[in-house]
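Order of appearance sets the numbers: ligands from 1, and atoms from 1 within every ligand.
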Amino acid sequence: MPEFVEIRTEPEEEKPELDVPFELLNLDLLKPHEELDPNELEAFIESVTGSGIFWKAALISKEGYVILDGHHRWAGLKKLNAKVMPCILLDYINNPEVKVYTWYPFIIGSLNHLIKVLENIKEVELIYENNKNVVFEMVKNMEAAFGLIHSNSNKDFIIITGNDDPYDLQKIIIKHLINDQEIQLGYIDTIKGAEDLISQGKAVAYFVRRAPTKQEIVERASRGKVYPPKTTRHSLPFVPKKIHVPLEKLLNP
Ligand code: AMP
């Protein structure tokens, strides 16, 4: 099984389950807003081909048919030559029930090695800063692509900037991290959770980043541009009930 680490400190299972209607939408109609994580793509393909059943409808915005949740299902089905995907269409931009957050990348492995990797990325400039609030503020204001909060109390935190658009810079950095054999990249849903990983010694560092707004997401997707993998984490006050659609029906609708 490919390694893909995703930690939810706010489990979806604790939300009420709701029977939400879904429809089979043409894969070519849908617009991604994020790059893929190759390991998560592989994991989905193994799962759906192994069981032959598709059980989790994707969430799609009525505005512009943007994929809010379901990038790997969409790309995986495309790879399998499917034509359609089960989708829940949501009023998005003005719907307060749909919230957008981000995933925080974290690193398991050596902090020194991680810093060396970052130092060797030519597009990246590292600024050392001992006040965590300054790091957070710069990320919030989009003056930094990432802030790196780490476990070494003798070393300042790191602000990661560069000339590129902050999200494009994030893409470059994430690619380097995915390709590095000596560290493992994971994602966690909250800063509190990421801080706990560090204090418990389960991770050596995490990256803070700002979640884009709904308007930015729809706008970027409609320009055909995407964010780095797992930039957005969309949340509903309920969990749509599992569905049970044979893969065969998506291949030959
Ligand atoms: P994403 O499509 O980006 O949300 O990432 C892949 C998702 O597919 C994960 O949330 C998995 O829970 C989900 N998944 C895994 N196996 C299946 C399956 N057989 N049918 C539908 N969804 C699945």
Side-chain angles (χ1 to χ4, degrees), residues 1-15 17-61 65-90 92 98-105 167 170-171 174-175 178 185-190 209 211-212 217 220-221 226-236 238-253:
M1 197 68 177
E3 278 225 68
F4 176 74
V5 183
E6 175 186 299
I7 302 176
R8 277 186 191 268
T9 58
E10 293 172 351
E12 290 287 292
E13 296 77 40
E14 286 169 14
K15 293 181 181 174
E17 241 186 26
L18 214 70
D19 207 350
V20 191
F22 69 90
E23 45 199 291
L24 298 181
L25 293 184
N26 196 311
L27 293 175
D28 294 329
L29 190 67
L30 307 174
K31 288 197 205 81
H33 75 269
E34 275 181 0
E35 283 187 332
L36 303 169
D37 181 296
N39 293 331
E40 190 166 16
L41 180 61
E42 206 50 42
F44 165 72
I45 291 176
E46 277 186 23
S47 158
V48 76
T49 51
S51 67
I53 299 297
F54 187 98
W55 50 260
K56 190 175 173 189
L59 303 180
I60 308 295
S61 72
Y65 288 100
V66 179
I67 302 170
L68 305 177
D69 185 38
H71 284 87
H72 299 90
R73 280 162 276 173
W74 170 77
L77 287 178
K78 260 186 164 224
K79 221 170 158 181
L80 296 169
N81 282 323
K83 306 286 178 302
V84 294
M85 172 163 72
C87 297
I88 296 170
L89 274 172
L90 294 171
Y92 180 48
V98 189
K99 302 241 187 316
V100 55
Y101 306 100
T102 188
W103 289 97
Y104 300 97
Y167 292 109
Q170 286 183 17
K171 271 192 216 169
I174 298 275
K175 267 200 193 104
I178 289 176
L185 173 67
Y187 295 92
I188 189 159
D189 58 349
T190 60
R209 62 172 157 188
I217 292 167
R220 194 168 172 112
V226 287
Y227 291 103
K230 299 189 79 70
T231 301
T232 70
R233 179 170 66 83
H234 282 91
S235 168
L236 296 172
F238 53 84
V239 183
K241 240 199 197 124
K242 271 193 184 175
I243 58 174
H244 191 94
V245 182
L247 175 59
E248 179 54 34
K249 210 176 150 193
L250 309 178
L251 298 171
N252 300 298

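- Closest heavy-atom contact between Lys171 and Tyr227: CE-C, 4.1 Å.
- At the top of the distance list for atom 3 (O) of ligand 1, counting protein heavy atoms only, stands His72 ND1, 2.6 Å.
- Scanning the protein heavy atoms around atom 4 (O) of ligand 1, the nearest turns out to be Arg73 NH2, 2.7 Å.
- By the criterion of a heavy-atom distance under 4.0 Å, the side chain of Phe44, and not its backbone, is placed next to ligand 1.
- Contact atoms of ligand 1 toward Ser47: 15 (C), 16 (N), 17 (C), 18 (C), 19 (N) (distance under 4.0 Å to a heavy atom of the residue).
- Judged purely by atom type and a 3.5 angstrom limit, Ser51 uses its side chain to pair as donor or acceptor with the backbone of Ser47.
- Across every non-hydrogen atom of Pro21 and Ile88, the tightest pair is O-CG1, 3.8 Å.
- A donor-acceptor pair under 3.5 Å links the side-chain atoms of Lys83 to the main chain of Asn81, judged by distance alone.
- The contact set between ligand 1 and Val48, taken as ligand atoms under 4.0 Å from a residue heavy atom, comprises 19 (N).
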I'd like a table of donor-acceptor pairs (distance under 3.5 Å, sequence neighbours excluded) in which one partner is a side-chain atom from residues 228-235, with atom names and distances.
{"residue": "Lys230", "atom": "NZ", "partner": "Glu6", "partner atom": "OE1", "Å": "2.8"}
{"residue": "Thr231", "atom": "OG1", "partner": "Pro228", "partner atom": "O", "Å": "2.7"}
{"residue": "Thr232", "atom": "OG1", "partner": "His33", "partner atom": "NE2", "Å": "2.8"}
{"residue": "Thr232", "atom": "OG1", "partner": "Glu34", "partner atom": "OE2", "Å": "3.1"}
{"residue": "Arg233", "atom": "NH2", "partner": "Asp189", "partner atom": "O", "Å": "3.1"}
{"residue": "His234", "atom": "ND1", "partner": "Leu68", "partner atom": "O", "Å": "3.2"}
{"residue": "His234", "atom": "NE2", "partner": "Tyr92", "partner atom": "OH", "Å": "2.6"}
{"residue": "Ser235", "atom": "OG", "partner": "Lys15", "partner atom": "NZ", "Å": "3.0"}

Exercise answer: donor-acceptor pairs, residues 240-253 side-chain atoms, under 3.5 Å, sequence neighbours excluded:
{"residue": "Glu248", "atom": "OE2", "partner": "Asn252", "partner atom": "ND2", "Å": "2.7"}

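- The shortest non-hydrogen separation linking Ala221 to Pro32 is CB-O, 3.7 Å.
- For atom 18 (C) of ligand 1, the closest heavy atom belonging to the protein is Trp55 NE1, 3.2 Å.
- For atom 5 (O) of ligand 1, the nearest non-hydrogen atom of the protein is Glu40 OE2, 3.2 Å.
- Ranking protein heavy atoms by distance to atom 11 (C) of ligand 1, first place goes to Lys56 NZ, 4.2 Å.
- Looking only at heavy atoms of the protein, atom 19 (N) of ligand 1 is closest to Ile53 O, 2.9 Å.
- Listed by atom number, the atoms of ligand 1 under 4.0 Å from Asp69 heavy atoms are 4 (O).
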